[in-house]
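Report on the following structure.
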Amino acid sequence: MTTFTLNGESFDFDGPDDTPLLWVLRDHAGLTGTKFGCGAGICGACNVHIDGRTRRACITPVSAVAGRTITTIEGLGAQQLHPVQQAWIEEDVSQCGYCQAGQIMNAAEWLERVPEPTDEDIERYQTALCRCGTYARIRKAIFRAAEIRRQGAVAVVEPEDPEAAS
Amino acid sequence: MNSLNRRRFLQAGATLAGGLALGVSLRGRTEDKSGSVGAPAGPHLAYLVRIEPDGRVIIGAPNPEMGQGVKTSLPMIIAEELDVNWDDVLVEQMPLGIKRDSEGNLSWLHVGQGAGGSTSVSEGWQPLREAGATARQLLLQAAADSWGVPIDSLSTERGTIVHSASGRRAGYGEFAAAASALPLPETPPTLKSSADFNIIGQPKPVVDALDIVTGKAEYGIDAALPGQVYASIERCPYRDGSVVSYDDKAARKVPGVIAIVPIEGPAPDEYFTVLAAGIAVVADSTWAALQGRAALKIEWDPGPHSKESTASLREQMVAAMRQPGQVVLDDGDVDAAWANAADQFEAEYFVPYVSHAPMETQCCVVHVREDGADVVAPTQSPSGASRIVNRLTGLDRLSINVHMTRLGGGFGRRLTVDYVAEATLVSMAVKRPVKLQWTREDDLQHDFYRPCGLHRLRASLDEQGAPTGWRHQLASPSKYYRRPNVKPEDMWKPELYTDDPPRRLLENVQRQYYSMASGVPRGSWRAPAHYANAFAVQSFIDELAHRHGHDPLEYQLALLGEPRELPYENHGGPVFDPGRLAGVLKLVAAKADWGEQLPASRGRGIAGHFTFGGYAAYVVDVTVDAGELRIDRVVGAIDCGLAVNPNHVIAQMESGVHDGISTALRLEITLEGGRIQQDNFHNYRMASMRDAPRVVETHIVDSPHPPSGVGEPPISPLAPALTNAIFAATGQRIRELPIADQLKG
């Protein structure tokens with residue numbers, strides 16, 4: 001049994017210790033926003049925050065997160081959209097969108113440490129891969145997210161619910 | 001696929017909730033007694049337009065969304081003619097819809113639902129507008145009947161019907177039920193003038209943007225059916241190899257492993273159902289399946305291609321090209337052109353095999369039941385998925401439900417449905433819903449790769465250096481390999497496009513093909529052969545220009561000549577207008593300060609290409625410093641006719657820039673001893689943010705033409721613009737992709 005904090009709540013996993021965190025999240029916790037891309041810690045589609053730092057969930061055995069705090073894309077903007085998510089919408093970054101959760105988790109973490117990023121910072125820290133080629137908009141969105149953080153202004157966007165709309 | 005003059009018709013009917021549903025068929029009206037699949041049911045929407053009595057407007061996105069933006073742009077086209085507020089529209093992905101007529105013929109229930117060849121917008125343009133306009137017309141008629149006023153006294157204002165004489169107004173929802181009972185108009189209603197568009201032509205964001213950034217958007221990997229089990233397959237690493245024996249004792253002991261299912265490979269020379277022989281491990285979780293798979297012991301028969309290597313294939317190409325090839329185009333007299341030339345030039349270019357490598361590896365969920373099947377898949381070809389399930393199970397096509405998720409990239413990989421076939425076979429064996437998951441290693445080692453090819457171009461030139469004759473020879477393993485009903489003499493067709501320029505720009509043009517044998521499966525990769533042909537042709541034109549001291553832009557403009565419509569019978573026709581290609585070249589040159597003097601080590605290159613009805617060009621700026629390449633800026637221009645969603649036209653150009661850079665810089669699939677040598681992103685190194693130019697600009701030509709697709713035209717001119725820039729910076733001509741470490745001398 002491995003117990004850890006997942007998006008603010010305690011989560012117990014009763015399976016093999018070597019199970020990668022990615023598959024625990026996806027198959028057992030029902031959190032499918034974290035994606036599989038390479039299984040080798042290269043592409044960053046599986047980026048999550050472990051105790052606040054970006055980690056590749058595909059190469060992190062669940063045993064390594066016992067007692068620790070995990071945030072996934074579902075938890076990042078659970079109350080209101082994170083500035084990075086907001087910026088991603090404003091710049092309309094997504095094409096296929098598959099890598100974007102990993103990109104967002106990547107950017108959200110290092111922007112905390114580098115609040116006024118330069119092009120060099122973006123090239124150094126934004127390591128997640130995008131096959132569609134959204135890098136131009138990712139770059140713009142990171143600059144925009146930094147601006148939103150500085151202004152402390154994040155619009156609250158209610159999730160769309162087709163059944164509730166009128 | 002659909003001829004322009006094919007009769008279209010519209011069909012209406014009631015939705016479950018009593019509203020108005022409207023679909024389009026491109027195949028002619030049939031008595032629909034024999035049934036259909038994909039009509040409205042459950043939470044999914046099968047019709048293109050649905051207006052509920054409460055006023056909700058729901059528009060179906062018929063085609064697969066893989067990042068090219070059609071889940072946004074196609075509903076925009078309908079919404080424009082329907083006259084509703086775009087912000088009020090809910091978009092739902094439609095499942096595959098097919099129907100069978102009383103004579104047993106199958107056809108689309110609504111519209112064609114594939115994604116390939118950049119056709120979704122161009123083919124959907126007219127019928128989707130008619131669908132929206134017809135729905136609006138029916139609503140107007142219902143209002144006219146209800147209010148007892150003539151229909152032509154009514155107008156609409158974004159979802160509201162207005163009787164201006166009385167000031168009476170009511171939302172569409174009030175008339176949805178009545179409208180659904182009305183007969184269809186005899187002829188399609190008049191469509192809007194483009195001057196009245198207020199949705200088409202406006203930049204709109206991705207409809208799923210919020211779901212994507214919050215992790216809620218559903219991809220194939222996220223799909224689930226109740227009671228599903230998880231499968232992973234160890235496949236033979238040799239093409240057309242087979243399983244000699246296997247030991248699954250250790251695999252069966254892995255906790256969670258439920259079953260082991262052998263998968264028979266394709267018969268050599270038959271078209272692929274699955275890509276390779278293998279052993280599937282079925283388990284109660286993905287990780288258990290992967291662990292079980294790792295515990296398998298399999299002895300492979302390496303089959304007939306175990307000696308193939310990249311080097312051996314290249315040697316065969318070189319040897320073949322010592323002899324004349326199959327002449328597939330012979331305009332004028334190239335031999336006379338050589339004989340009368342003041343100068344001649346010949347150069348060879350090579351492009352490697354590459355993999356599609358979508359970020360989402362292949363995956364799907366299939367449940368084969370006694371009386372039907374459910375497929376949930378990220379596929380560019382939902383009808384292909386339906387056909388393969390039918391072929392493997394014998395189930396009636398109308399009992400096979402195919403639902404499309406978003407695709408985590410496609411690039412042509414998901415035009416083939418081998419992974420659906422695998423999941424189907426496993427589901428048949430275990431009689432449960434099976435979720436199949438490929439690893440990245442599986443994906444890079446088992447693909448329908450873009451063909452490699454060796455191109456030799458030769459031109460005869462006059463005293464001023466202008467071309468008078470042109471020959472393009474290509475040796476490649478055709479992507480038509482093993483396809484049914486393709487004659488050996490037709491293998492060239494998907495690799496060399498006869499009507500591409502400079503045909504009809506020059507009097508003497510010859511193309512020759514050499515069909516090479518290779519065991520490597522081949523398929524369609526974004527813009528298929530245009531990527532390679534544009535690299536060869538646009539590099540060669542740059543070489544010819546420099547050879548006689550001409551400016552590459554002026555040289556190419558002289559070749560293209562005046563605007564005029566030339567016949568173009570390959571995909572993307574029926575015409576090619578060299579003036580439109582010249583137009584994007586001139587636009588991009590003007591925006592990128594073409595002709596400006598640059599400091600040493602910097603260079604600027606230009607290239608343009610016509611792909612599937614769209615014209616695109618780039619100017620690329622590079623710095624090459626001690627063998628280190630930096631791409632400083634890319635300025636692009638596209639003429640895609642009317643830009644339905646300019647935001648996504650720009651996005652696709654940006655995608656073409658980065659995909660073009662990625663593929664040109666480092667990507668290649670190589671073979672040794674019959675095995676693919678690349679197996680993950682450490683040795684198949686896609687471009688990262690470090691490779692991305694800091695400045696990317698796109699300019700859209702304000703064009704009076706109807707829309708073309710934009711998924712593929714943006715990629716082909718990027719690589720030659722880049723290598724032409726490298727030549728301008730260094731004097732080094734890159735004739736072989738990828739660039740890799742060629743600049744390091």
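All chains are named by letter (A, B, ...) in the order of the sequence lines, taking the proteins before the strands, and each is independently numbered beginning at 1.
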Legend entry - Residue part contacting chain A, namely of B:S285, when any heavy atom lies under 4.5 Å: both
Inset, instruction - Inspect the surroundings of CZ in A:R124 and state if more than 12 heavy atoms from other residues, nucleotides or ligands are less than 6.0 Å away. - result: no
Legend entry - B:S655 (side chain) donor-acceptor with A:C132 (main chain) under 3.5 angstrom: yes
Inset, instruction - Tell me, for B:Q437 versus chain A, whether the close heavy atoms (under 4.5 Å) come from the side chain, the backbone, both or neither. - result: side chain
Inset, instruction - Can you tell which part of B:I661 gets under 4.5 Å to a heavy atom of chain A, answering side chain, backbone, both or neither? - result: neither
Legend entry - A:R131 NZ/CZ over B:F411 ring centroid, <6.0 Å and within 45° of normal: yes
Inset, instruction - Measure A:E120 against the heavy atoms of chain B and call it side chain, backbone, both or neither at under 4.5 Å. - result: both
Legend entry - Any donor-acceptor N/O pair, A:Y135 side chain to B:A687 backbone, under 3.5 Å: yes
Legend entry - Spatial distance of atom OG1 (A:T19) from atom CD (B:Q291) [nearest 0.5 Å]: 7.5 Å
Inset, instruction - Report the distance from atom CD1 of A:I142 to atom CE of B:M689, rounding to the nearest 0.5 Å. - result: 5.0 Å
Legend entry - Spatial distance of atom CG (A:L129) from atom OG (B:S662) [nearest 0.5 Å]: 8.5 Å
Inset, instruction - Compare every heavy atom of A:W23 with every heavy atom of B:W287, then report the nearest pair and how far apart it is. - result: CE3-CD1, 4.1 Å
Legend entry - Engaged part of B:V206 at the chain A interface, taking heavy atoms whose separation is under 4.5 Å: both
Legend entry - Proximal component of B:Q68, with respect to chain A [non-hydrogen, under 4.5 Å]: neither
Inset, instruction - Taking only Lys NZ, Arg NE, NH1 and NH2, and the carboxylate oxygens of Asp or Glu, determine whether B:E360 and A:K35 approach each other closer than 4.0 Å. - result: no
Inset, instruction - Can you tell which part of A:Q85 gets under 4.5 Å to a heavy atom of chain B, answering side chain, backbone, both or neither? - result: both
Inset, instruction - Please tell me if the side chains of B:L210 and A:L81 come closer than 4.5 Å, counting only heavy atoms from C-beta onward. - result: yes
Legend entry - Toward chain A, the part of B:L667 with a non-hydrogen atom under 4.5 Å: neither
Inset, instruction - Hey, could you give me the CZ/CG distance between A:F36 and B:D222, rounded to the nearest 0.5 Å? - result: 13.5 Å
Legend entry - Contacting moiety of B:P358, where chain A heavy atoms sit under 4.5 Å: backbone
Legend entry - Side-chain heavy atoms of A:R26 within contact of B:I221, under 4.5 Å: yes
Legend entry - Test item: B:E654 side-chain N/O and A:R137 main-chain N/O as donor-acceptor pair under 3.5 Å: no
Inset, instruction - Using non-hydrogen atoms and a 4.5 Å limit, figure out which bit of A:I122 sits close to chain B: side chain, backbone, both or neither. - result: both
Inset, instruction - For residues A:C38 and B:F681, report the shortest heavy-atom separation together with the two atoms involved. - result: CB-CD1, 3.7 Å
Legend entry - Residues A:D27 and B:T286: side-chain donor-acceptor under 3.5 angstrom: yes
Inset, instruction - Kindly determine whether A:E74 and B:T214 satisfy side-chain contact (heavy atoms from CB on, under 4.5 Å), including the steps that lead there. - result: CA-CA 6 Å; A:E74 292 90 345; B:T214 53; over 6 Å; no
Inset, instruction - Taking atom CZ of B:R685 as the centre, report whether more than 12 heavy atoms of other residues, nucleotides or ligands fall under 6.0 Å from it. - result: no
Legend entry - Minimal non-hydrogen separation, B:I212 against A:G97, with atom names: CG2-O, 3.6 Å
Legend entry - Under 4.5 Å from any heavy atom of chain A - which part of B:R690: both
Legend entry - Best-contacting candidate, A:T34, A:D18, A:V24, against chain B by heavy atom pairs under 4.5 angstrom: A:D18
Legend entry - Pair A:E123 + B:R694, salt bridge at N-O below 4.0 Å: yes
Inset, instruction - Could you tell me whether the side chain of B:V213 reaches within less than 4.5 Å of the side chain of A:Q100, counting heavy atoms only? - result: no
Inset, instruction - For A:C96 and B:L407, work out which heavy atoms get closest and say how close. - result: CB-O, 3.4 Å
Legend entry - Segment of A:L76 engaging chain B (4.5 angstrom heavy-atom cut-off): neither
Inset, instruction - Heavy-atom distances under 4.5 Å only: say whether B:P203 touches chain A with side chain, backbone, both or neither. - result: neither
Inset, instruction - Against chain A, label B:D284 side chain, backbone, both or neither, depending on which of its atoms sit under 4.5 Å from a heavy atom there. - result: neither
Inset, instruction - Name the member of A:A40, A:P20, A:A136 that forms the most heavy-atom pairs with chain B at distances under 4.5 Å. - result: A:P20
Legend entry - Which portion of B:M359 sits near chain A, non-hydrogen atoms under 4.5 angstrom: both
Inset, instruction - Name the member of B:G215, B:A217, B:G173 that forms the most heavy-atom pairs with chain A at distances under 4.5 Å. - result: B:G215
Inset, instruction - Answer yes or no: is there an ion pair linking A:D92 with B:K204, defined by an N-O contact shorter than 4.0 Å? - result: no
